[in-house]
There are 2 protein chains.
Amino acid sequence: MKATMIYAAGDIRVENIPDATIKNPTDAVVRVVRSCICGSDLWPYGSKPADSAPNTIGHEFLGVVEDIGADVTGLKKGDLVVSPFTWSDNTCDFCAEGLQTSCRHGGSWNAGDVTGCQAEAVRVPQADGTLVKLPVAEDSALLASLLTLSDVYCTGHHCAVSAGVTAGQTVTVIGDGAVGLSAVLAAKQLGAEQIILMGRHRARTDLGRAFGATDIVAERGDEGVQRVRELTGGDGTHAVLECVGLSPAVDTAFDVVRDGGVVSRVGAPQYTEAQAGFGVFLRNITFTGGVAPARNYIEDLMPAILDGTVEPGKVFDSTLALDDIADGYQAMADRKALKVLITD
Amino acid sequence: MKATMIYAAGDIRVENIPDATIKNPTDAVVRVVRSCICGSDLWPYGSKPADSAPNTIGHEFLGVVEDIGADVTGLKKGDLVVSPFTWSDNTCDFCAEGLQTSCRHGGSWNAGDVTGCQAEAVRVPQADGTLVKLPVAEDSALLASLLTLSDVYCTGHHCAVSAGVTAGQTVTVIGDGAVGLSAVLAAKQLGAEQIILMGRHRARTDLGRAFGATDIVAERGDEGVQRVRELTGGDGTHAVLECVGLSPAVDTAFDVVRDGGVVSRVGAPQYTEAQAGFGVFLRNITFTGGVAPARNYIEDLMPAILDGTVEPGKVFDSTLALDDIADGYQAMADRKALKVLITD
């Protein structure tokens, strides 16, 4: 079967690898119908050393169950399913608490013997716990939005939920990438009253407005901080959703959060420490967030997609066939595409 | 009137300063009946430069209202009152949210024209908002415990509340100082099931056991982390209450917290940054806490003191007259006293 391999920075290839097959009785094999490229895939795309071993890539997909292991009871061949970007048994204590990313029997794609999802098919460990059935047909117009349940919409939602966003609050979202825009949409759905989106790419911030942003701040650094302060009577916002992953964005987050407020981050951190000194202490700022347990949110977020209330799939502004996925990586790296959908 | 002055590291003097008087119509003057020395007072006691200007010190007290300004309506002369360690109007939006430390019209003792509380009397700004009446007599045996509402018990409680400690949870408390012991007591009152106290001073950890600690870990560093992990099936605890304020304690906190858990800190930070890298991100650890809005907790915590359910005043293991307060500083700095109560 065909699968996407990353050899080194800038070197993405679609190659034949052994077909996905059942290895453990809790596995399923899913034929991938839609996958996509994640902002986090751009980190290895920008930095993977040329002398490192190639590996598969991709962790977001939906598709059709092609085969199931002997112990899989909740799925059958032909089911259309979406998968969160980590696999989990969904029964251990961490899963029960909604932290499937720390599942005692879980893991990640592209690690060990589990290959990646930018491929024709994929073996899904802990299939009963991991996969969620989609009540639509394989040709549904909702597939793009449903695919965002695999990662990006759930990640934006996790950012907002971790920040404790509730009705009437003020929120700043830092970053106009697909995660940032998803965080805007999530904050809006949670009832935030003022949603300030910090971003400078007009097409993206326009989508941010459509998703619920009330104000756009294109300035960065001190100017950006000053602008958010102006928009909030000098106070900053109750929640700041950091969706970039770089240290300057985190610093900005601390500068625009209201006393007693929360900085929540879901941008994969390209930093090792965050502010925690006396100023932060006196202001009782909370720093939270992390990798999103997408599995925890899929059932909660799906109904509003099915009934058309939200269309998180609008973050996809480009669609390519699997064979052309390398062009998608380059387009996202060049910021010519916001997020690229991959068809079978 | 007599007041405690700090001139430099190790140099505490009781001197005469101008009597406390009403300056603003919202002021009260309180004759101090009990004050005490705070662990945070030991920072300047250990480091204040010899060439800096002397200033008053002390921020914890209870006493009797001697005079009130024209706008004070909720207090009268003769009321016995306890004061939180910051003053606040208790009506602004931050106060309404329970964050009186960020009050729009609040402030601290020993700043501007507001002198310190290790003194015979003190002027209290925003008296209606700041002071809380005590329904006991000036000679009550409960005064020591009621004095802890000024800071130390409320600070321990804030640490536990910020960590979201709830019934049945596992908690690690780092630090066997008066704040750490208060955090143990607070966690116990909030229903924590397992409370691991990390501390190595036997008399203090014994009090920790009396306050509710289920396990004592005397080891520090990697050994201490390993011990906490052993006590928690390898997982660490839901909440970690960091009551030291030093970077190694914060690092230990991250090492003993359970995935998805909370590190809450109330030790005045002698560090500027905290861990926030990929490991913390993957584990969804929250870092929170800060200076305690004691005012927010006084009414909540007082009933259990009045009815004898809790005795947070047990953290006082030494009592001195104001004239002898310098000895109290030295005893606490030498770890010969846990916390020193000062009488009038």
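In what follows, chains carry the letters A, B, and so on, assigned in the order in which the sequence lines appear, proteins first and then strands, with residues in each chain numbered from 1.
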Closest-packed option against chain B by number of heavy-atom pairs under 4.5 Å, given A:N284, A:T288, A:T272, A:T286: A:N284

Nearest heavy-atom pair of B:N110 and B:T56: which atoms, and what distance? OD1-OG1, 2.6 Å

Only pairs of heavy atoms separated by less than 4.5 Å count here; which of B:S264, B:A268, B:G245, B:G279 has the most with chain A? B:A268

Are B:Y297 and B:Y153 an aromatic pair by the rule of ring centers under 6.0 Å? no

Relative to chain A, which segment of B:L282 carries a heavy atom at a distance below 4.5 Å: side chain, backbone, both, or neither? both

Between B:P293, B:G267, B:G98, the one whose heavy-atom pairs under 4.5 Å with chain A are most numerous: B:G267

Heavy atoms of other groups near A:R229 CZ, more than 12 under 6.0 Å: yes

Under a 4.0 Å threshold between the charged nitrogen and the carboxylate oxygen, would A:D151 count as salt-bridged to A:K339? no

Region of B:V250 that comes under 4.5 Å of a non-hydrogen atom in chain A: neither

Taking the ring of A:F61 and the ring of A:F85, is the distance between their centroids below 6.0 Å? no

For A:V280, is it the side chain, the backbone, both, or neither that has a heavy atom closer than 4.5 Å to a heavy atom of chain B? both

Select one option (side chain, backbone, both, neither) describing which atoms of B:R265 are under 4.5 Å from chain A's heavy atoms. both

Between B:E97 and chain A, which part of the residue has a heavy atom less than 4.5 Å away: side chain, backbone, both or neither? side chain

Electrostatic pair A:D235:B:R104 at N-O distance under 4.0 angstrom: yes

